[in-house]
Amino acid sequence: MEFNIEWYSPNLGTPIVSIAEYGIVFNKASIATLGSPHSIKIGFDREKKYIVVIGVTEEESTEDTIEFIGKEKNGFIRINNKDFVRFILRYCPEIKLDKAKRFLSRKEGEFLVVDLNSPADINEDAEMQE
């Protein structure tokens with residue numbers, strides 16, 4: 001019998017990525033899911049409404065990568081990038097950022113995928129569909 005199991009770590013919790021007007025915040029579990037890389041590349045799938053993140057080593061870092069692990073404070077990493085958030089909101093107008101919104105994330109291959117269709121809070125899910 002074959003299983004496709006993702007083991008839950010109570011020390012890390014659920015991988016969550018929050019989006020606010022100023023940028024994106026990765027929690028401890030999402031950082032670990034990425035493998036705590038030196039830098040990241042971040043993209044957006046307009047059709048599926050996914051933010052896609054990949055870890056990059058220091059040697060692979062370029063002007064298109066964003067410093068990552070060096071920004072960790074209290075188990076969180078905040079990436080300030082208002083332009084990227086505006087870009088996302090252009091294709092996801094249903095997301096209202098009057099306060100930060102939390103979304104579930106998961107590992108798919110070497111990527112961390114943030115599904116903007118899956119808010120981490122059930123109450124936010126109801127708000128987004130109104």
Q: Could you grab the distance from atom CG of Leu104 to atom CG of Leu116, nearest 0.5 Å is fine?
A: 11.0 Å

**Q.** Joint cluster assignment, Val52 & Ile54, ILVMFWY side-chain distance < 4.5 Å
**A.** yes

(Q) Let me confirm one number: the NZ-CD distance from Lys49 to Glu47, rounded to the nearest 0.5 Å. (A) 11.0 Å

Q: Is it possible for you to say whether Leu34 and Ile51 belong to one hydrophobic cluster, with membership spreading through side-chain heavy-atom contacts below 4.5 Å?
A: yes

Q) For Tyr91, which residues count as a ring-ring contact (aromatic ring centres under 6.0 Å, His included) partner, sequence neighbours excluded? A) Phe87

Q) To the nearest 0.5 Å, what is the distance between CD (Glu60) and OG (Ser39)? A) 9.5 Å

Q) How many angstroms lie between CD1 in Ile19 and NZ in Lys101, if you round to the nearest 0.5 Å? A) 11.0 Å

Q: Using a 4.5 Å cut-off on heavy atoms from C-beta on, say whether the side chain of Leu89 contacts that of Ile95.
A: yes

Review item, side-chain donor-acceptor pairs of residues 20-32, under 3.5 Å, at least two apart:
residue, atom, partner, partner atom, Å
Asn27, OD1, Ile16, N, 3.1
Asn27, OD1, Ala29, N, 3.3
Asn27, OD1, Ser30, N, 2.9
Asn27, OD1, Ser30, OG, 3.1
Asn27, ND2, Thr14, O, 2.8
Ser30, OG, Ile16, O, 3.4
Ser30, OG, Asn27, N, 3.0
Ser30, OG, Asn27, O, 2.9

Q.
Please evaluate residues Asn117 and Phe103 with respect to the criterion side chain to side chain contact (heavy atoms under 4.5 Å, CB included), reporting the C-alpha separation (whole Å), side-chain torsions for both, the decisive distance (0.1 Å), and the verdict.
A. CA-CA 8 Å; Asn117 302 296; Phe103 296 90; over 6 Å; no

Q: Measure the spacing between OH of Tyr50 and CG of Asp115 and express it to the nearest 0.5 Å.
A: 4.5 Å

Q) Do any N or O atoms from the side chain of Lys96 and from the backbone of Pro93 form a donor-acceptor pair under 3.5 angstrom? A) yes

Hey, can you pull the donor-acceptor pairs under 3.5 Å for the side chains in residues 65-77, sequence neighbours left out?
residue, atom, partner, partner atom, Å
Thr65, OG1, Thr62, N, 3.1
Thr65, OG1, Thr62, O, 2.7

Q.
What's the separation between atom NE2 in His38 and atom OG in Ser36, rounded to the nearest 0.5 Å?
A. 12.5 Å

Q) Knowing that exactly one of Leu112, Val17, Ile79, Thr33 qualifies, which makes a side chain to side chain contact (heavy atoms under 4.5 Å, CB included) with Val53? A) Leu112

Q) Should Ile42 and Val56 be counted in the same cluster of Ile, Leu, Val, Met, Phe, Trp and Tyr side chains packed under 4.5 Å apart? A) no

